[in-house]
Amino acid sequence: MYPVPLTDFLHPRSILTLAAAVFFTSGFVMTLMGVRRRVYPGYWHWVAGEFAFALSALAIACRDMYSVFWSIHLGNALLLLQPVLIAAGLRRFLSQTIGRRERVDYLLWAFAYGCWLLSMLGNAPAAMPIFIFSLGFLLLSARLIQLGYRNQYESLQGTLDLLLGSYALCALTQLARGIYSLTSAQTGTDPLFGLSFIAFVLLAIITLSTLLLMNYERAEGELRAIESQLMELANTDVLTGIPNRRHFMFLAERLQAIAARGPRPALLIIDVDHFKEINDARGHLTGDMVLRAITGRIGEVLRGGDTLGRLGGDEFAVLLPGSDARTAGHVASRIVKHIRTLTIADFGPAPTLSIGMAEFMPGDTVSDVMRRADQALYAAKRAGRNCAMTPDGVHCSDDLEEAA
Ligand SMILES: Nc1nc2c(ncn2[C@@H]2O[C@H](COP(=O)(O)OP(=O)(O)OP(=O)(O)O)[C@@H](O)[C@H]2O)c(=O)[nH]1
């Protein structure tokens, strides 16, 4: 065992080569994902940002082989450009104003780069350009962080925070390097050069993962929104906006499962009397209007937990959770009476309803209850319509005492 100096691990050219390899890999992974997956505006600016990192590391790694312009100057220009490209991508991705504000980003980049060039003129200490570069990177990162905190997409904020936090850390590492170089007694060397590039490597990896994640999260969020819209469409009756037969049956099954452990619910089946005549006499559009008006009217009688659905045609159904037969009969009778007061402009006499009521009995399936409510409905039709009945052929009453 013998002590290995830290500088052996942080040999500048090895680190730059490693950094260039990581940056190029990031850039290629992002390109591949961008070509194969759906990406949002701004994505290709991020890819350019990763390649800016890669080219800068490569250029600086070749500083002994080529002219200073093609190595250090180009390398630092691209390093400073990276946060500007990420910001340009973020502006597009987050749909934030681009025009004038983006021009300010590029002007700030030119300013930071110009200051860095100036810092090499005259008799300035050799560490001055490092310090000025670190200030420039801090300035451009701060601008990026400020932009990120104006994000409107709440679901992306966590990932965005990670990205912005990494920029803040990297910028502070650069600043520490700048200050250390200025104050250090050593001249001509930059002992924190390797460490600062390791910070850039970490930043490139975090940038790669967070930007891909943000793209994925946004696509996922949009898919979830479309899915819930589709569910809404699949469950809703287009004409009346209430649950359709399929969804109503689903809700009834769910209620039946819950009802096994609690108070018994009841079911009403409601049919518009002589609706065919309304259609024939006034046309289908008037018929539709009547169906919508009836839906609204029935809704006025129901309580918050009750569910009204349209089974089809002129047939509706209501789920009354926790209602005993007496209360359900009361609700049915109130619906029949409430519809009689319905007035529709230029329509003439109000339409009437017939209702069949049935209770969920222990061991019943939803079909059993529906069948009994249907029998009750036909009993109500036979009894002359415009009334509510139980499966035993008893008229429902809106007077609770009388019904008891
Ligand atoms: N306007 C309109 N009519 C519909 C719609 N769906 C079904 N219908 C019509 O509703 C009518 C239903 O009539 P029926 O169920 O035969 O019976 P009814 O005329 O209501 O007679 P009773 O139920 O015996 O009182 C039919 O003429 C259907 O064409 C719809 O969405 N809009």
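Just follow the structure's listing: the first ligand is 1, and inside any ligand the first atom is 1.
Shortest contact from atom 6 (N) of ligand 1 to any protein heavy atom: Gly313 CA, 3.2 Å. Protein heavy atom nearest atom 2 (C) of ligand 1, with residue, atom name and distance: Asp288 OD1, 3.2 Å. In terms of protein heavy-atom proximity, atom 23 (O) of ligand 1 is nearest to Asp271 OD2, 2.8 Å. Nearest non-hydrogen protein atom to atom 22 (P) of ligand 1 is Lys381 NZ, 3.5 Å. Ranking protein heavy atoms by distance to atom 9 (C) of ligand 1, first place goes to Asn279 ND2, 3.2 Å. In terms of protein heavy-atom proximity, atom 18 (P) of ligand 1 is nearest to Phe275 N, 3.5 Å. Of the protein's heavy atoms, Asp314 OD2, 4.4 Å lies nearest to atom 14 (P) of ligand 1. Shortest contact from atom 25 (O) of ligand 1 to any protein heavy atom: His274 N, 2.8 Å.
Inclusion of Gly287 in the set of residues having an N or O under 3.5 Å from an N or O of ligand 1 is not warranted. Where the criterion is an N or O separation shorter than 3.5 Å, residue side chain and backbone included, Leu239 fails it with respect to ligand 1.
Taking every non-hydrogen atom of Asp273 and a distance limit under 4.0 Å, the qualifying atoms of ligand 1 come out as 25 (O). Near Leu291, with a cut-off below 4.0 Å to any heavy atom, the atoms of ligand 1 are 30 (C), 32 (N). Short contacts between ligand 1 and Val272, defined as distances under 4.0 Å to a heavy atom of the residue, involve ligand atoms 20 (O), 23 (O), 25 (O).
Assignment of Glu315 to the shell around ligand 1 is not supported, since no heavy atom sits closer than 4.0 Å.
Annotation: cation-pi geometry satisfied between Arg218 and Phe93 (NZ/CZ under 6.0 angstrom from ring centroid, within 45° of ring axis).
The closest side-chain donor-acceptor pair between Arg37 and Asn215, if any, does not fall under 3.5 angstrom. Between the side chains of Arg310 and Asn244, no donor N or O sits under 3.5 Å from an acceptor N or O. Thr341 and Arg297 share a side-chain donor-acceptor pair at under 3.5 Å. A donor-acceptor contact closer than 3.5 angstrom is absent between the side chains of Gln256 and Thr365. A side-chain donor-acceptor contact under 3.5 Å links Asn151 and Gln157.
Looking at heavy atoms from C-beta onward, Ile335 lies in side-chain contact with Leu268 at the 4.5 angstrom threshold.
Within the 6.0 Å centre-distance limit, the rings of Trp116 and Tyr113 are counted as a close aromatic pair.
With Glu359 as the partner, the salt bridge (charged side-chain N to carboxylate O under 4.0 Å, His left out) test is satisfied by one option alone out of Arg372, Arg326, Arg264: Arg264.
Here the shortest heavy-atom distance to atom 5 (C) of ligand 1, taken over Arg310, Lys276, His284, Arg385, belongs to Arg310.
At a heavy-atom cutoff of 4.0 Å, ligand 1 is contacted by no atom of Leu285, backbone or side chain.
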### Task
Apply salt bridge (charged side-chain N to carboxylate O under 4.0 Å, His left out) to Asp271 and Arg385, showing your working.
CA-CA 9 Å; Asp271 192 90; Arg385 297 180 167 83; over 6 Å; no
